[in-house]
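Okay, structure first, notes after.
First listed ligand is number 1; within each ligand, the first listed atom is number 1.
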Amino acid sequence: MPKRVLHDEYFRKAKAEGYLARSAYKLLEIQKRHGIIKPGMTVLDLGCAPGSWLQVAAELVGDDGLVAGVDLSDVRAPMPPCVITMRSDFTKQDAATLLEPVVAFRGDGSLYDVVISDMAPNTSGAGDHYKSVRLCEAVLERLPGVLRPGGSLVYKVFEGETYPDLVKRTGEMFSWCRGLKPRATREVSTEMFVMATGYEPALKQASRPEGVAPPPPQPKKGWGS
Ligand SMILES: C[S@@+](CC[C@H](N)C(=O)[O-])C[C@H]1O[C@@H](n2cnc3c(N)ncnc32)[C@H](O)[C@@H]1O
């Protein structure tokens, strides 16, 4: 089995180019191949700390876009003005709370254009695949309330027994879906990224979640810049 090299090419590159983590290059590669994030878009980043995907997404959406990040941990590094974050367990947040930044930003009740998730469970070896799949399922369950029809999704999952079924279920919700392993993923890692475009929620799912009020002036409930 190949040895885990901690300070590899991508680690050094991230340091040199000012990214907070080597993970930045995974999203950059996905973006290079599929061009999912465009200037002016709104992006929800789940499992965003320490913040390298926030950095990449912020560069891509630019000053006219929005990136909202959620993580169990604080994002401590300074971020561009288009980034807003909340320290929270994503699985305990309802759609209305997750939507607050985009509702305040657009002022018209829009949903996010793109949802990205690099969430990973605490790894212990046994059961990591199943824990990871549960997080991905929580993302899929929340999509009807947060992702606009036609929107895109990228999520990380630790590959294992139920991976093909997860990809299949994701594919049923989108017009295009596939799994990929970016070059920046360590050779020893089981992580895969599932990328899907053209979200096709059922008509019923596409409606706004209950309780979403007209646009508030600012996001509340723990969101901060
Ligand atoms: C690999 S790191 C993400 C790295 C990040 N994408 C970056 O580029 O800096 C995985 C993150 O998922 C977060 N996480 C795991 N479970 C979560 C949950 N239920 N809610 C929110 N964040 C979660 C962890 O706290 C951890 O910071």
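Under the 3.5 Å distance criterion, with hydrogens and angles disregarded, a donor-acceptor pair is assigned to the side chains of Q93 and S88. Side chain to side chain, Y10 and R186 fail the donor-acceptor criterion of an N or O pair below 3.5 Å. S175 and Y199 share no side-chain donor-acceptor pair at under 3.5 Å.
What sits closest to atom 22 (N) of ligand 1 on the protein, heavy atoms only, is L72 N, 3.4 Å. The single protein non-hydrogen atom nearest to atom 20 (N) of ligand 1 is F90 N, 2.9 Å, given as residue, atom name and distance. Among all non-hydrogen protein atoms, the one lying nearest atom 27 (O) of ligand 1 is D71 OD2, 2.8 Å.
Under the 3.5 Å distance criterion, the side-chain polar atoms of W53 are matched with a main-chain donor or acceptor of S23. Counting only distance, with no hydrogens or angles, the side chain of S152 and the backbone of T197 share no donor-acceptor pair below 3.5 Å. Between the side chain of K131 and the main chain of T123, no donor-acceptor pair closer than 3.5 Å is present. Judged by distance alone, the side chain of H129 and the main-chain N or O of T162 form a donor-acceptor pair under 3.5 Å.
Residue-to-ligand polar distances keep A24 apart from ligand 1: every N/O pair is separated by 3.5 Å or more. Annotation: T91 places no N or O atom under 3.5 Å from an N or O atom of ligand 1; distance criterion only. Considering both main-chain and side-chain atoms, A21 never comes within under 3.5 Å of ligand 1 through any nitrogen or oxygen pair. At least one N or O atom of D118, backbone or side chain, sits closer than 3.5 Å to an N or O atom of ligand 1. For ligand 1, the polar-atom distance check finds no N/O of D45 at less than 3.5 Å from any of the ligand's N/O atoms.
Residue S52 has at least one heavy-atom neighbour below 4.0 Å for each of these atoms of ligand 1: 7 (C), 8 (O), 9 (O). Close contacts of ligand 1 with P50, meaning ligand atoms under 4.0 Å from a residue heavy atom, involve 9 (O). For ligand 1, the atoms lying closer than 4.0 Å to a non-hydrogen atom of D89 are 18 (C), 19 (N), 20 (N). Every atom of ligand 1 with a heavy atom of G51 under 4.0 Å away is listed here by number and element: 7 (C), 9 (O). Within the listing of ligand 1, atoms 1 (C) sit less than 4.0 angstrom from a heavy atom of K156. Near C48, meaning under 4.0 Å from any of its heavy atoms, are these atoms of ligand 1: 5 (C), 7 (C), 9 (O).
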Y25 vs Y19, ring-ring contact (aromatic ring centres under 6.0 Å, His included): CA-CA, chis, key distance, verdict
CA-CA 9 Å; Y25 298 99; Y19 288 119; 5.6 Å; yes
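Residue D113 holds its CG atom at 10.0 Å from CD1 of I37, rounded to the nearest 0.5 Å. In this structure, CZ in F11 is found 9.5 Å from CZ in R22, a value given to the nearest 0.5 Å.
The option with the heavy atom closest to atom 5 (C) of ligand 1, from among A120, A49, A14, S73, is A49.
Contact between S88 and ligand 1 is present, with at least one heavy atom of the residue lying under 4.0 Å from the ligand.
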